[in-house]
There are 2 protein chains.
Amino acid sequence: MAKVTIRDVAREAGVSIATVSKALNNVDVVKPSTKRKIIDAVKKLDYSPNLIGKQLKSGSTRTVGLFTSSVRGPYYSILIDGLANFSEKEGYGLNVFISSDREKIMNTLRGRLVDGALLFDPVISQEEIALLNAEQIPSVFLDRKISQMNTTSIVFDSFQAGYEIGNYLINMGHQRIAFIAGYAGVYDSEQRLLGLKQALFEHGLSFPDEYRLEGMFEREASYNAILSFIRLSQMQQFAFPTAFVAGNDLSATGAIKAFKHEGLRVPEDVSVVGFDDIDVAEYFNPPLTTIKNPIMSQARGAIEMLMELMDGKKDIPSCALPGELIIRKSATSI
Amino acid sequence: MAKVTIRDVAREAGVSIATVSKALNNVDVVKPSTKRKIIDAVKKLDYSPNLIGKQLKSGSTRTVGLFTSSVRGPYYSILIDGLANFSEKEGYGLNVFISSDREKIMNTLRGRLVDGALLFDPVISQEEIALLNAEQIPSVFLDRKISQMNTTSIVFDSFQAGYEIGNYLINMGHQRIAFIAGYAGVYDSEQRLLGLKQALFEHGLSFPDEYRLEGMFEREASYNAILSFIRLSQMQQFAFPTAFVAGNDLSATGAIKAFKHEGLRVPEDVSVVGFDDIDVAEYFNPPLTTIKNPIMSQARGAIEMLMELMDGKKDIPSCALPGELIIRKSATSI
DNA sequence: TCCTTTTCTTGAACCGCTTTCATTAATAGA
DNA sequence: TCTATTAATGAAAGCGGTTCAAGAAAAGGA
């Protein structure tokens, strides 16, 4: 069965396509009796408008795009779900594009497939951002502050969170604190470390270079990082940290598993904390002390900011949301 | 800055739009020298084609749509990630639509916004499925077998899995086995229970009605279900099960938490098993015995089937993927 | 050199819809 | 009854691309 178009409906109802369009979209006035005929024809032919035609003419898609390289992991999936809900409330569909192919991302963005964009972790260059600005494609960055450019972003205040958890540990007597980093150079990870360092600095403590491990924000990588760190500390005989700040909860759980494997008890022998407060954090053994990432606020804020940008407002300021220290059992005083 | 179109490029390069189109899409032959001019014009004007116009004319979007009501939970997010990867390999973008609004789903589906569809849990009626068939919209169902209709689906063989885990428990001496169901009427959940019942039946054991709890596939709901079940068993004084089969791992973890809360040890006092083998299953305390849901195979299979359907092949048979029993520590012999 | 091929290029139609503007039908006013 | 309004409708022009049929230019053959 060939696809039925607005022309078929018009023919069936004995009116022009213009009238059909008006009747179905409730624009202008169409006589109730003609509207009836049109509705009947639509039903009879099972007509459903081709959205592409509609979008091309109207210049709007009523969708916002979320660009990300992955939806994996508890943090992402909750955030995405939140974004979908909030944008639906605003009358926009959320369209998730999963790709790390920069060119593809730029093409769909510039190809007007979405009215606005939420940019997650796709690494987009400065020139590309400038292009988006130049073409007035409303976009909100969700994971990093682009300070130099005229962009709007909404992020978890990772520096503050790192600072807070650092102080928490230091106040419990920890002096040697290691950090399990996420991907090298990732904004969140670096900021968390900077915050931690700041807390150490303010207490006259130092952060030796060898205390930085690479955990990739993953359980597995983090597990391995801890194992090699233990070997390294034995070989080089440097003082073992009393506490580990993991880049996120996932890597905290990997680290804890590694410590268990090596016969170290958490938190008796070593304290471990994370960031995010993902679902499992509470159920883990031991329950994770962490800093709660206000995911839902971030989702709500992102959509609000994007809507304002799409309304034509300019210069929406970026914002950084504070985390909340959740004290459970994986860290203890020394 | 107004959006630059193919016409602007044509003017800049001093050729017709037809030539520009051909040059950029590498169709027909265009003289190298003209192509050069066109490329230059594209660069100078920062031209990026409007994908909507392109799609309208070509009738194809080169994207497959995934329709789901949520991306939350480890199972979904891994599956979605897999689907995105496999479809990208086939040259198609994956477009995730998150909504449980049936009408909206049908509109985007019938509105030709995607070339093919992966239907997750959106509850779509028989008539709607018939409509999709009539309009030749290639679709693959990911979560349920629609037996009556001419649909193709790829699912985890829940019946087999239930049967297998049932036998496993029975062979360890369990005779009273309860089931923590997912949403009422959900195919997966019901099939798992049917499989379990089959195993019980074959060993001359019964499954009393009160052994069915409602866990909603969630940790929290499952936790509560166990608590009320314990109260109920005390009030009505029926024999307490020695093993609980949870509808999925998430609800298994909720159940275990509830048992701990009530002072019951897992697996010493009561065995608990789940389905899926999500990431945390291994790290949980106790590590979960479960049946592994072959998510990646499902993703790969779904994309393959969809590609064949989009190639015009008809009557692709549905398939059910077998699970794999993963024995850990949450169940023990009696 | 002229004619036939082959190689490039282009005008115009079209994809399915919206929207402006002119036109016609209906109603009101005098 | 005739004209001035108002209400409904429709013809046509796009939106930004692709593609077909046909024309123009270049190349080859005699």
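Values below: all heavy atoms of this structure, side chains included; hydrogens, waters and symmetry mates excluded. Lettering follows sequence order; numbering is per chain, from 1.
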| query | So what does B:Val27 touch, heavy atoms closer than 4.0 Å: a base, only the sugar-phosphate, or nothing? | reply | nothing
| field | Ionic contact status for A:Asp40 with A:Lys43, cut-off 4.0 Å | value | no
| request: Starting at atom CD1 of B:Ile6, determine the distance to atom P of D:dG14, rounded to an integer number of angstrom. | output: 18 Å
| query | With nearest nucleotides of DNA chain C determined for B:Lys35 and A:Asn25 from heavy-atom distances, which residue corresponds to the more 5′ nucleotide? | reply | B:Lys35
| request: Find the distance between CZ (A:Phe120) and OH (A:Tyr76) and round it off to the nearest 0.5 Å. | output: 5.0 Å
| task | Check the distance between D:dG16's P and B:Tyr47's OH and give it to me in whole angstrom. | result | 10 Å
| message | In this structure, how many angstroms lie between the C1' atom of C:dG16 and the NZ atom of B:Lys54, rounded? | response | 19 Å
| task | Look at the side chain of B:Leu56 and decide which nucleotide, out of C:dG16, C:dC17, C:dT20, has an atom nearest to it. | result | C:dG16
| query | So which one's nearest nucleotide on DNA chain D is more toward 5', A:Thr34 or B:Lys57? | reply | A:Thr34
| note | Assert: residue with more 5' nearest nucleotide on DNA chain C, out of A:Ser21 and A:Lys31, is A:Ser21
| For atom CD of A:Gln55 and atom P of C:dT19, their distance in whole Å | 14 Å
| Interatomic distance where CZ belongs to B:Arg62 and P belongs to D:dT18 [whole Å] | 14 Å
| remark: When pairs are called at under 3.5 Å and a stem needs at least three consecutive Watson-Crick or G-U pairs, the stems of DNA chain D are C:1-30 with D:1-30
| note | In whole angstroms, the gap separating C1' of D:dC15 from CZ of B:Arg7 amounts to 9 Å
| request: Using atom CG of A:Asp28 as one end and atom C1' of C:dT23 as the other, report the distance to the nearest whole Å. | output: 15 Å
| query | In whole Å, what is the span from the NZ atom of A:Lys37 to the P atom of D:dA8? | reply | 14 Å
| query | From A:Glu128 CD over to A:Glu103 CD, what is the distance, rounded to the nearest 0.5 angstrom? | reply | 9.0 Å
| said: Using every non-hydrogen atom in the two residues, find where A:Met305 and A:Ser318 come nearest and quote the distance to one decimal. | reply: CE-CA, 4.1 Å
| Nearest-nucleotide pick for B:Lys22, side chain only, options being D:dT19, D:dG17, C:dC8 | D:dT19
| said: Could you check whether any side-chain heavy atom of A:Leu321 comes within less than 4.5 Å of a side-chain heavy atom of A:Cys319, counting everything from C-beta outward? | reply: yes
| said: Could you report the tightest heavy-atom contact between A:Ser70 and B:Asp81, atom names first, then the distance? | reply: OG-OD2, 3.2 Å
| said: Please classify the nucleic acid contact of B:Val30 as base, sugar-phosphate, or nothing, using heavy-atom distances under 4.0 Å. | reply: sugar-phosphate
| remark: Testing D:dT9, C:dT18, C:dT9 for proximity to the side chain of A:Thr19, the answer is D:dT9
| Within the structure shown, what part of the strands sits under 4.0 Å from A:Ile17 by heavy-atom distance: base, sugar-phosphate, or nothing? | base
| query | How would you list, by chain and number, every residue that makes a salt bridge (charged side-chain N to carboxylate O under 4.0 Å, His left out) with B:Asp28, sequence neighbours excluded? | reply | B:Lys22
| Any salt bridge between A:Glu12 and A:Lys37, counting N to O under 4.0 Å? | no
| query | Hey, is the side chain of B:Asn50 poking within less than 4.0 Å of OP1 or OP2 on D:dC15, counting only N and O atoms? | reply | no
| said: Whether the side chain of B:Arg112 and the base of C:dG16 hold a donor-acceptor pair under 3.5 Å is what I'd like checked. | reply: no
